[in-house]
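One structure below.
Just so we're clear, the structure is a prediction, and the values are computed from it rather than from any experiment. In what follows, residues are counted from 1 in the order of the sequence shown.
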Amino acid sequence: MAGSTRPGDNRPPSYRTRTPAQRTRRSTARVPAPRIGTATLTTPAGTAPRVPQLRPTDHFAELLLAVLSGQRPVHAMLRHTAGQAYDELARLAERGPLRTRGTRPVVRDIGWFVPREGALEVFARIAAGDRLRALAFRLEQGRDLRWRCTAVEVGA
């Protein structure tokens with residue numbers, strides 16, 4: 001269709017649509033470099049592809065969501081927090097700001113700012129049904145190179 005404004009289907013062909021000769025051919029394409037904060041499992045050439053690990057921002061957003069929605073107890077975050085963050089989290093969890101009936105809350109979007117090396121200020125949009133909530137937290141990397149939450153806030 002000459003006047004179509006729809007984008008073309010540029011997805012790679014699925015395994016079932018390839019010919020037997022194409023199925024046995026090894027790809028020589030390079031695997032893209034991991035994004036900042038990701039770790040990958042290294043594998044020898046010709047074996048399973050690398051599996052990207054969650055960024056600390058994604059991991060902590062999921063952990064905090066589970067606690068603030070009542071899916072996990074607050075003490076599950078004890079080793080993942082530092083300073084006053086655990087007390088703040090306990091106060092927030094008592095009110096249950098992300099608890100919902102029916103629809104389970106999910107992380108819709110995550111963004112972050114790097115104020116200095118070894119620190120991240122993170123915001124996440126949490127959706128539950130037709131409601132959107134804001135979750136903000138700060139992560140700091142300790143001397144042991146583990147990330148810990150040092151502050152947490154929930155907004156409307």
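- C149 and L64 get closest at one heavy-atom pair: SG-CD1, 4.4 Å.
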List the atom pairs, with distances to 0.1 Å, where a side-chain N or O of residues 81-93 and a protein N or O form a donor-acceptor pair under 3.5 Å, not counting sequence neighbours.
from	atom 1	to	atom 2	distance (Å)
T81	OG1	M77	O	3.2
T81	OG1	L78	O	3.3
E88	OE1	V152	N	3.1

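- For E121, the salt bridge (charged side-chain N to carboxylate O under 4.0 Å, His left out) test picks out R138, with sequence neighbours left out.
- Contact annotation: the side chain of V106 never approaches that of I126 to less than 4.5 Å [non-hydrogen atoms, C-beta and beyond].
- For the side chain to side chain contact (heavy atoms under 4.5 Å, CB included) test, residues two or more places apart in sequence or in another chain that qualify with D58 are L54, R55, I110.
- Between the CZ atom in F123 and the CG atom in L135 there is a gap of 11.0 Å [rounded to 0.5 Å].
- Not a single side chain to side chain contact (heavy atoms under 4.5 Å, CB included) links D130 to another residue, sequence neighbours left out.
- Within the structure, salt bridge (charged side-chain N to carboxylate O under 4.0 Å, His left out) contacts touching residues 107-120 (residues at least two apart or in different chains) are D109-R125, R116-E140.
- For residues 146-156, every residue pair satisfying the side-chain hydrogen bond (donor to acceptor under 3.5 Å, both in side chains) rule, not counting sequence neighbours, is listed here: D144-R148.
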Just list the side-chain donor-acceptor pairs under 3.5 Å for residues 67-74, sequence neighbours left out, or say none.
from	atom 1	to	atom 2	distance (Å)
S69	OG	L65	O	2.7
S69	OG	A66	O	3.4
S69	OG	Q71	NE2	3.1
Q71	OE1	R104	NE	3.3
Q71	OE1	R104	NH2	2.8

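- Taking the side-chain hydrogen bond (donor to acceptor under 3.5 Å, both in side chains) definition, one finds that R133 meets it with nothing, sequence neighbours left out.
- L132 approaches A127 most closely through the heavy-atom pair CD2-CB, 3.8 Å.
- At a threshold of 4.5 Å between non-hydrogen side-chain atoms, the residues F60 and L139 count as touching.
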